[in-house]
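Atoms considered below: every heavy atom in the structure, side chains included; atoms not considered: hydrogens, waters and symmetry mates. Residue numbers count from 1 along this sequence.
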Amino acid sequence: MKVFKFGGASVKDAKGVRNLVEIVKDNGLQNTLIVVSAMGKMTNAFEEVVAQYMIAPKKTPEKLLDIAAYHLEIIEQLFEPQAQIGAKEQVSAWLEDLKIFLKRNKSPKQSFVYDQVVSHGELLSTQIIQQYFQEQGLKSQWVDARDCVKTDAYYRDANLDWEATKQAIDTQIKKGGTYITQGFIGSDANNNTTTLGREGSDYTAAIFAYALQATSVTIWKDVPGVLNADPRIFNPTQLLLHISYREAIELAYYGASVIHPKTIQPLQRKEIPLFVKPFNDPKQKGTVITKGHPIVPQIPCFIVKQEQVLIELASRDFSFIIEENISEIFQLMHQYQMKVELIQNSAISFSVCVSNKYGRLEGLVNALQAKFNVEVVVGVALYTIRHFNQTAIDRIKNNEKKILLEQRTQETIQFVVASPAVD
Ligand code: ADP
Ligand code: ASP
Ligand code: MG
C-alpha cells in the first residue's frame, strides 16, 4: 500500500480538496491510505475554543461559530446544493457532540480537554473529504484514526503503543482499498482521544506506513520539496533532491519544520521511502528520503528556531559546575517542561538554550536562582547550519550583529543570536 498525507495548507479550501482528489486519482485509487490534517488553520481555531472554554466553562465558546461557518462555506463551494445537505448535517452533528462534551465535562485538566476538542479539526476535514469522494462516485472508506493509533494518556503529546497500534491497524485496514483517515489524533487505553503533538500528521502517516509495510509515503506540501532553508525566512533557497534518513532526522531535530521530527524513524526501520512533493505541481519529483548519500546536492542547510531563551548559569563562589549540578539542572528543565536545544559549559558556567513551549520560564528561573547566578535572555534565535562552509557562516554573521553563543562540530555550526534579522 502507499500512504499519502495532505496537510492543512493543501485542504484549506474547496479548490484544495478537488486538487487532493485529482492527485489521488492520478496516482491510482487502489491500495491507498490518505492521511489528512485539519483544514487550513482550524487547529489554531480549536485551540482558541479550548482557551475560551477554560476561562468560561459554562458558556458555549464563541469561536465554534467561526469554525462552523468556515467548514460550511467549503461545503457550499464543493458540493451541488442537494449533496450539501448531508455534509452540512455531518459537520453540525460533530460540533453538537463537542458542545455536549464541553457541557458535561468535569475534568479540570486542560491537556485532556484540549485533545478532546482540538481533534475535531481532523475529524471534520476527513468527513467532508470522504463525502466528496462519495459524491464523485469514488469508493473510499472513512477510518477513525482513534481506532488505529493507540497511545498512552500523555495528552497533547501522546506516546505510541506500537504493539496495540499494529494490531488495531491490521484489523481496520485491508489491502486493496482506498482509506481516508485523520492525522495527529489517536486514543488511549480508555478510548479517550489523544493527540501526537502539533504538526503530528506527518508522524501519523509514518505510523500507518510502518504498520502496513507500505511501499512509500508521500507528503504533499506547499513547497517544491525539502529545501536547504525555510523559504519564509531565507531567500534564495535550493531544492534537496535526495536526503538520507539519518540526515533527515538531523534536519528535523534541529528544527526544519517541513517534516515532523518523529516521522523518519519508523520509515527508516522498514526502509520505506518518503517523498515530499508540491501539491500545486504534483508531477514534480520533489525530494526523496531513503538510504544512501546524506544530501544531494551537497550544500549548506540553514535552520532557525525563533523565540528561544538563553539561560546562563554561574556558580556563586567560583566553584566548578560539576556533574551533580548538571544533572540537577537537567532535572529542573524536565520538571518545567523546557525543551533543551543547545548546551555549553565551562568550569564555572553553564549556558543552555531552551524552548519555553509551555510558558513555565519564571518557575524554572526561580528554582535555578536558589543555587546559581542566573542570567536570562528571552526572544533569542537559534541558527543551525548543517554542512556549513565559510560563505554560509558569513551569510548569518553579516546579518546578525549580536551573536551570544557559537558552537561547532564537524558537520554543524550553531549560533544563538540576540535580535534575529531576516535574510
Ligand atoms: P503542512 O501543510 O503539511 O502542515 P507545513 O506548513 O507544516 O505543512 O510545512 C510546510 C512549510 O514548512 C513550508 O511552507 C515552509 O515554510 C516550511 N519549511 C520549513 N523549513 C523548510 C525546508 N527546509 N524546506 C521546505 N519548507 C520548509
Ligand atoms: N492539525 C494539526 C496541527 O495543525 C496536525 C498537523 O497538521 O500535522 O498541528
Ligand atoms: Mg502542518
Side-chain angles (χ1 to χ4, degrees), residues 108-112 114 151-161 194-200 249-257 260-262 265 303-386 402-420:
K109 283 198 200 144
Q110 180 159 357
S111 298
F112 167 79
Y114 179 101
T151 70
D152 65 7
Y154 195 74
Y155 298 110
R156 289 192 73 160
D157 215 351
N159 301 295
L160 210 70
D161 178 342
T194 55
T195 64
L196 302 172
R198 284 302 305 263
E199 304 297 333
I249 288 178
E250 296 283 357
L251 292 173
Y253 167 79
Y254 285 116
S257 61
H260 188 277
K262 285 185 179 168
Q265 198 229 18
I303 301 152
V304 56
K305 282 191 177 176
Q306 312 274 13
E307 290 305 317
Q308 305 287 298
V309 181
L310 182 65
I311 304 173
E312 294 182 300
L313 307 173
S315 58
R316 292 236 165 87
D317 52 2
F318 267 54
S319 63
F320 294 138
I321 297 223
I322 49 167
E323 283 134 39
E324 197 184 305
N325 288 324
I326 292 181
S327 81
E328 200 181 330
I329 294 166
F330 271 99
Q331 235 155 22
L332 286 170
M333 297 292 166
H334 181 68
Q335 187 182 330
Y336 286 91
Q337 294 175 291
M338 294 290 160
K339 184 156 178 282
V340 175
E341 307 287 357
L342 176 147
I343 54 172
Q344 190 152 300
N345 70 312
S346 73
I348 55 164
S349 75
F350 186 89
S351 302
V352 54
C353 185
V354 297
S355 292
N356 179 21
K357 200 169 145 194
Y358 296 99
R360 301 187 63 188
L361 182 64
E362 212 184 304
L364 172 71
V365 171
N366 287 339
L368 289 168
Q369 271 168 342
K371 222 163 168 184
F372 304 98
N373 288 330
V374 183
E375 270 184 50
V376 178
V377 194
V378 294
V380 301
L382 173 62
Y383 283 93
T384 303
I385 317 175
R386 292 274 299 162
K402 208 164 169 206
I403 293 179
L404 303 172
L405 198 152
E406 181 177 325
Q407 196 171 82
R408 187 188 288 239
T409 59
Q410 207 176 355
E411 288 295 349
T412 310
I413 189 162
Q414 293 186 288
F415 304 102
V416 177
V417 308
S419 47

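- A salt bridge links Glu341 and Lys339; the closest N-O separation between the charged side-chain nitrogens and carboxylate oxygens is under 4.0 Å.
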| request: Applying side chain to side chain donor-acceptor pair (under 3.5 Å), run through Gln308 and Ser355 and close with a yes or a no. | output: CA-CA 5 Å; Gln308 305 287 298; Ser355 292; 3.3 Å; yes
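- Atoms OG and CZ, from Ser257 and Arg198 in turn, are 12.0 Å apart once rounded to the nearest 0.5 Å.
- Under the 4.5 Å side-chain criterion, counting only non-hydrogen atoms from C-beta, Phe415 is not in contact with Leu382.
- By the 4.5 Å heavy-atom criterion applied to side chains, Tyr383 and Ile303 are not counted as neighbours.
- Taking CG of Leu364 as the reference point, atom CE of Met338 lies at 5.0 Å (rounded to 0.5 Å).
- Gln344 CD to Phe350 CZ: the interatomic distance, rounded to the nearest 0.5 Å, is 10.0 Å.
- With a 4.5 Å cut-off on side-chain heavy atoms, Tyr254 and Gln414 count as touching.
- The backbone N or O of Asn159 lies less than 3.5 Å from a partner atom in the side chain of Asp152, making a donor-acceptor pair.
- A donor-acceptor pair is defined here as one N or O able to donate and one able to accept, closer than 3.5 Å; no such pair exists between the side chain of Glu307 and the backbone of Lys357.
- With no hydrogens or angles considered, a side-chain donor-acceptor pair links Arg386 and Thr412 at under 3.5 Å.
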Under 3.5 Å, sequence neighbours excluded: what are the donor-acceptor pairs made by side chains of residues 369-377?
| residue | atom | partner | partner atom | Å |
| --- | --- | --- | --- | --- |
| Lys371 | NZ | Glu328 | OE1 | 2.8 |
| Asn373 | OD1 | Arg316 | NE | 3.1 |

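- To the nearest 0.5 angstrom, Arg408 atom CZ is 9.0 Å from Ile385 atom CD1.
- Note: Ser351 OG to Ile311 CD1 = 10.0 Å, rounded to the nearest 0.5 Å.
- Tested against Thr151, the residues Thr194, Thr195, Asp157, Asp161 include a single side chain to side chain donor-acceptor pair (under 3.5 Å) partner, Thr194.
- Scanning all heavy atoms of the two residues, the minimum distance from Tyr154 to Gln337 falls at OH-NE2, 3.7 Å.
- In the displayed structure, Tyr358 atom OH is contacted under 6.0 Å by more than 12 heavy atoms of other residues, nucleotides or ligands.
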| request: Before giving the answer on side-chain contact (heavy atoms from CB on, under 4.5 Å), spell out for Leu368 and Leu332 the whole-Å C-alpha distance, their side-chain angles and the decisive distance to 0.1 Å. | output: CA-CA 8 Å; Leu368 289 168; Leu332 286 170; 3.8 Å; yes
| side-chain contact (heavy atoms from CB on, under 4.5 Å) evaluation trace for Leu313 with Asn345 | CA-CA 9 Å; Leu313 307 173; Asn345 70 312; over 6 Å; no
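- In this structure the side chain of Lys402 never reaches within 4.5 angstrom of the side chain of Val417, judged on heavy atoms.
- For Gln335, the CD atom sits in a packed shell: over 12 heavy atoms of surrounding residues, nucleotides or ligands are nearer than 6.0 Å.
- Atom CG of Leu405 is separated from atom CD1 of Ile343 by 11.0 Å, given to the nearest 0.5 angstrom.
- Remark: side-chain polar atoms of Asn325 are not paired, donor with acceptor, to backbone N or O of Ile329 under 3.5 angstrom.
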